[in-house]
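As structure tokens, the structure follows; a few thoughts come after it.
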Amino acid sequence: MYREVDCIKGDADSFELEEHQVIEEMPLAVKVNGRHALTAMISPDMLREFVLGFLYTEGIIKDVDEIESIKIEGTDAGVLTKSPFKILVSKKTVLSGCGGSMSYLDIAKLPQISSDLTLDAGVIRGSVKEALDSELHVLTGGIHVVGLYNAEGKVCVVEDIGRHNALDKIIGYALERGIDLSRTYIICSGRISSEMVRKCLTANIPIVVSRGATTTLAIDIARSRGLTIVGFVRSKKMNVYSLGKRITGIPEPVCEALDSSKPVEGTNEEKVV
């Protein structure tokens, strides 16, 4: 996941040649039934899970059983489906820091979350602390972390140069193992964007949590489609931006006040970011 690279390290007026740990990045070209579907800039780990998760969150497959085979050789991944003529895809490049849907976003057409999962605020704080305690991040300073948790605790934690890549890997991991994602929640190290929210909606993951910020469009989508966003989880603090009733311990009048608050500035049809 990283390599030792020579660099000149400066400290005030002192400069010396030393080694530094730098996170690896590679292109992964994915073909579906012989057609180029996407090229992702990605960390070289859990590539099969990424392919599965990406195809699922983009709607190219509806279930893991639609996959006939996945073959990964070097920087190329080939996917065969059981119904190849029903799969229509467009070429796409997913940058390591971005992500994004293949088209513009219509909030009304996104899935509605169906889940009765609730979480205690203390459990959320503990999960964030555990999931984001990354030795690789401390070592390189160049990795995102996404964790999948359920009522029993940690299911899987993934590290990748892109948080969207990491989320797709998490979803692919869960699909292969038949995990009920409606009973899970996501912890992420980076910003909760509309694209992260869209992927959670597609997978029916009801809660997404970050120690960082979110965006107005992500909040708009979450409030409309029944997803809970929790941001800035640090020490004893957190911001709940949507569906506060899923977090136990928040007084009902406070949740009702959030639900009835004015809409976030934005439109219902914007490109995901």
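Worth knowing before you read on, the calculation uses all heavy atoms, side chains too, and leaves out hydrogens, waters and symmetry mates.
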Among all residues two or more places apart in sequence or in another chain, which pass the salt bridge (charged side-chain N to carboxylate O under 4.0 Å, His left out) test with Glu130? none
Would you say Glu159 and Ser134 are linked by a side-chain donor-acceptor pair, where the criterion is simply a distance under 3.5 Å? yes
Return yes if some donor-acceptor pair links the side-chain N/O of His144 with the main-chain N/O of Val146 below 3.5 Å, else return no. no
Are any of the side-chain nitrogens in Lys62 or Glu66 under 4.0 Å away from the carboxylate oxygens of its partner? no
Set of residues satisfying side chain to side chain donor-acceptor pair (under 3.5 Å) with respect to Arg183, sequence neighbours excluded: Asp116
Between the CG atom in Leu167 and the CG atom in Asp160, the distance rounded to the nearest 0.5 Å is 11.0 Å
Short side-chain to backbone donor-acceptor contact, Lys154 and Leu148, under 3.5 Å: no
Can you give me the closest heavy-atom contact between Ile61 and Leu52, atom names plus distance? CD1-O, 4.2 Å
Quiz question: by atom type and distance under 3.5 Å, do the side chains of Ser182 and Asp180 form a donor-acceptor pair? yes
Does atom NZ (Lys82) have a neighbourhood of more than 12 heavy atoms from anything else shown, all under 6.0 Å? yes
Compute whether any side-chain donor of one residue and acceptor of the other, for Thr81 and Asn33, lie under 3.5 angstrom apart. yes
Residue that, paired with Val30, satisfies side-chain contact (heavy atoms from CB on, under 4.5 Å) out of Thr39, Ile70, Val79: Val79
Within the distance-only criterion (no hydrogens, no angle test), does the side chain of Ser210 pair as donor or acceptor with the backbone N or O of Gly231 below 3.5 angstrom? no
Does Lys245 reach the main-chain N or O of Glu256 with its side chain, forming a donor-acceptor pair under 3.5 Å? no
What I want to check is whether the side chains of Asp168 and Thr57 have a donor and an acceptor closer together than 3.5 Å. yes
To the nearest 0.5 Å, atom OG1 of Thr140 lies from atom CD of Glu135 at 11.5 Å
What heavy-atom pair brings Arg246 and Leu117 nearest, and what distance separates the two atoms? CD-O, 3.2 Å
Does CD belonging to Gln112 count more than 12 external heavy atoms closer than 6.0 Å? yes
Is it the case that over 12 heavy atoms from other parts of the model lie below 6.0 angstrom from the CD atom of Glu252? no
Would you say Arg125's side chain and Val233's backbone share a donor-acceptor pair under 3.5 angstrom? no
Any ion pair linking Lys31 and Asp76 (charged N to carboxylate O, less than 4.0 Å)? no
Dump the intermediate steps for side chain to side chain contact (heavy atoms under 4.5 Å, CB included) on Leu17 and Asp6, then the final yes or no. CA-CA 7 Å; Leu17 181 64; Asp6 288 337; 4.2 Å; yes
What distance separates Ile170 CD1 from Asn165 CG, expressed to the nearest 0.5 Å? 12.5 Å
Verify, without hydrogens or angle tests, whether Ser14 (side chain) and Asp11 (backbone) share a donor-acceptor contact under 3.5 angstrom. no
With a 3.5 Å distance limit and no angle check, can you tell me whether Ser224 reaches the backbone of Asp220 through a side-chain donor-acceptor pair? no
Can you measure from CD1 (Ile171) to CD (Glu49) and round to the nearest 0.5 angstrom? 12.5 Å
Looking just at side-chain N and O atoms, do Thr228 and Tyr185 make a donor-acceptor pair shorter than 3.5 Å? no
Once rounded to the nearest 0.5 Å, what's the spacing between atom CD1 of Ile247 and atom CG of Asp120? 9.0 Å
Taking atom CZ as the centre, does Arg234 end up with more than 12 heavy-atom neighbours from other residues, nucleotides or ligands that are less than 6.0 angstrom away? yes
Here's one to test your reading of the geometry: is the NZ or CZ of Arg48 within 45 degrees of the ring axis of Phe50 and under 6.0 Å from its centre? no
Excluding sequence neighbours, so at least two apart, what forms side chain to side chain contact (heavy atoms under 4.5 Å, CB included) with Ala218? Val197, Thr214, Thr215, Ile229
